[in-house]
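A quick write-up on the structure given underneath.
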Amino acid sequence: MIRNEELEKVIDESQQGSPLTLESDEKNSRKLYIESYGCQMNFSDSEIVASILAKEGFNTTQDLAEADLVLVNTCSIREKAEQTVRKRLEKFNAVKKTNPGMKVGVLGCMAERLKNKFLEEEKIVDMVVGPDAYKDLPNLIQEIDEGRNAVNVILSKDETYGDVAPVRLNSNGVTAFVSITRGCDNMCTFCVVPFTRGRERSRDPQSILEEVNDLWERGFKEITLLGQNVDSYLWYGGGLKKDFEKASEMQMATSVNFAKLLEMVAIAQPKMRIRFSTSNPQDMTLDVIESMSKHENICNYIHLPVQSGSDRILKAMNRLHTREEYFELIDNIRKIIPDCAISQDMITGFPTETEEDHQDTLSLMEYVKYDFGFMFAYSERPGTLAERKLEDDIPEATKKRRLTEIIALQQKHSLYRTQQHVGKVEEVLIEGSSKKSDTHWMGRNSQNTVVVFPKENYQVGEFVNVKINECTSATLIGEAQGLSKNN
Ligand code: SAH
Ligand code: F3S
């Protein structure tokens, strides 16, 4: 499966494992090839799509040449992500010459952004399906089977897939994603997500718990609760987050926020590791940090994108917090969870960004010393407020130079952070073989740092205490000291 580079660090090794084979019955005669790009939510959505299509008689395949249906779950976040998808469509076109019956569908954010235009721009495409319309796939496939193009890009007001049990694709059998919110209301001025994924809505906590319990029963040991902005999770019986003020007193009194959801999940499965992503600084509250500190099984790691260290740029980005408020949040995290890892997303070259603004980003990074980060040059996205109101005025060379500088600084901080683990004994959950050595396991500690160590007799899915002996800026290297009490 192809991945987009910024995800490599997050899901790289964890995506290893044998391809999933679906149980076939006499109906299961067609082959689905599905490829995902972009955020973890897309990878998670592809599992929902595979589940919906399994009921329609589709088995997944990893061989493009034998596919009856090719689906590509797309990303619009930066122009490069869209170009990558268009290149893949060219490849599918070439394959179609030897496999003329093959149909091609585009899913996800590019589908939502381009709608019918996709059919005109890319002749290979038979079907365009937005992120909230996957339940309509059986009907849409019938349409294309009958020789018509099919499009559904209607966005929903409700959490759309709470009742679909995802099929785990390329699973390592140990870690899984569980989506808890869809859409985003934050309207950061650079970001296309609110347009492609619609308004924010939360999933019923009961259905989240059912999915988590089911994963535990099937041997999974770690879950990541997913949302564009998890701290904004709010369940009051369904409906859009922005309509909460219209809810009844009863609904308000029994509502569940993110801190509460975290506790519910942590208590329901006390031996399961719990992670979550992504947190937005303006929505993260102290009670979330308190919940993390109270429950041993909630991992000590927060992905806390800031995008810029300059107050002026934060404002222009419509990030609703200041640099000082961000520092306060960081201080609180460090006070309540001293060994909490923190990672960032940054953008260089947002319109009007001066050298002084850039220096503010570097000094913010010095203050936090992130464990790792995902850094990007600004890419203007059609339809966003920044595109409509601001000129993309920073030369590409300047964006790139600033990007190189923040990546170099992050590298230094990453090494500083990994060095703090050397000499310690840490609990690691084994996810699979190390990519570089068959004789070593790869797993992660609570802080989400990759740890490799000799296999001995340990098994995938076991929690092992590992003594850390050495490190690079991205990996800890150690040796097992025995099973942890958590098994
Ligand atoms: N809240 C989301 C953010 C999605 S976008 C989440 O779940 O992670 C991921 C990252 O892409 C953002 O944090 C931002 O750093 C980057 N990004 C978004 N739009 C961008 C753009 N127009 N140009 C460059 N980077 C962008
Ligand atoms: Fe995008 Fe900002 Fe939401 S980055 S996904 S609009 S929090």
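In listed order, ligands and their atoms are each counted from 1.
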So, Ser46 versus Ser36: side-chain donor-acceptor pair below 3.5 Å or not? yes

Without hydrogens or angle criteria, can the side chains of Ser363 and Arg323 be said to hold a donor-acceptor pair below 3.5 Å? yes

Run the contact test for Cys184 against ligand 1 with a 4.0 Å cut-off on heavy atoms, strictly below, and give the result. no

Suppose I only count heavy atoms of Arg319 and a 4.0 Å limit; which atoms of ligand 2 are within that range? 2 (Fe), 4 (S)

Partners passing salt bridge (charged side-chain N to carboxylate O under 4.0 Å, His left out) against Arg402 (at least two apart in sequence or in another chain): Glu353, Glu355

Where ligand 1 meets Arg78 - atom numbers and elements under 4.0 angstrom, heavy-atom basis: 11 (O), 16 (C), 17 (N), 23 (N), 24 (C), 25 (N), 26 (C)

Are any of the N/O atoms on Gln228, whether in the backbone or the side chain, positioned under 3.5 angstrom from an N/O atom of ligand 1? yes

For ligand 1, which is the ligand I care about here, please tell me if Asn229 has any N or O atom under 3.5 Å from one of the ligand's N or O atoms. no

Considering only non-hydrogen protein atoms, determine which one is nearest to atom 7 (S) of ligand 2 and report residue, atom name and distance to 0.1 Å. Asn280 ND2, 3.3 Å

Honestly, for Gln307 the part within reach of ligand 1 (heavy atoms, under 4.0 Å) is side chain

Taking the ring centre of each residue, are Phe327 and Tyr367 less than 6.0 Å apart? yes

Tyr378-ligand 1 polar pair, N/O distance under 3.5 Å: no

Enumerated ligand 1 atoms positioned under 4.0 Å from heavy atoms of Arg381: 22 (N)

Does any N or O atom in Pro305 lie less than 3.5 angstrom from one in ligand 1, N or O only? no

Pair Arg312-Thr352, side-chain donor/acceptor within less than 3.5 Å: yes

Ser277 and His303 side chains, donor-acceptor separation under 3.5 Å: no

Which residue from Ile347, Thr278, Leu226 reaches closest to atom 8 (O) of ligand 1 through any of its heavy atoms? Thr278

Using a 4.0 Å heavy-atom threshold (strictly under), name the region of Ser277 that reaches ligand 1: side chain, backbone, both or neither. neither

Cation over ring, Arg417 on Tyr370, under 6.0 Å and within 45°? no

By residue and atom, what protein N/O/S atoms are less than 2.8 Å from atom 1 (Fe) of ligand 2? Cys191 SG

Is it true that the side chains of Asn170 and Gln62 contain a donor and an acceptor less than 3.5 Å apart? yes

State the atoms of ligand 1, each with its element, that fall below the 4.0 Å cut-off from a heavy-atom position in Gly227. 7 (O)

Aromatic plane relationship, Phe258 with Phe276 - under 30° parallel, 30 to 60° tilted, over 60° perpendicular: perpendicular

Residues which pass salt bridge (charged side-chain N to carboxylate O under 4.0 Å, His left out) with Glu263, listed by chain and number, not counting sequence neighbours: Lys294

Set of residues satisfying salt bridge (charged side-chain N to carboxylate O under 4.0 Å, His left out) with respect to Asp243, sequence neighbours excluded: Lys246

Proximity flag Cys188 to ligand 1, non-hydrogen atoms under 4.0 Å: no

Please verify the inter-ring angle class for His321 with Tyr326; under 30° counts as parallel, over 60° as perpendicular, anything in between as tilted. parallel

What do we get for Phe190 next to ligand 1 when only non-hydrogen atoms under 4.0 Å count, side chain, backbone, both or neither? both

State, to 0.1 Å, how close Lys271 and Trp216 come at their nearest heavy-atom pair, and which atoms those are. CB-CH2, 3.6 Å

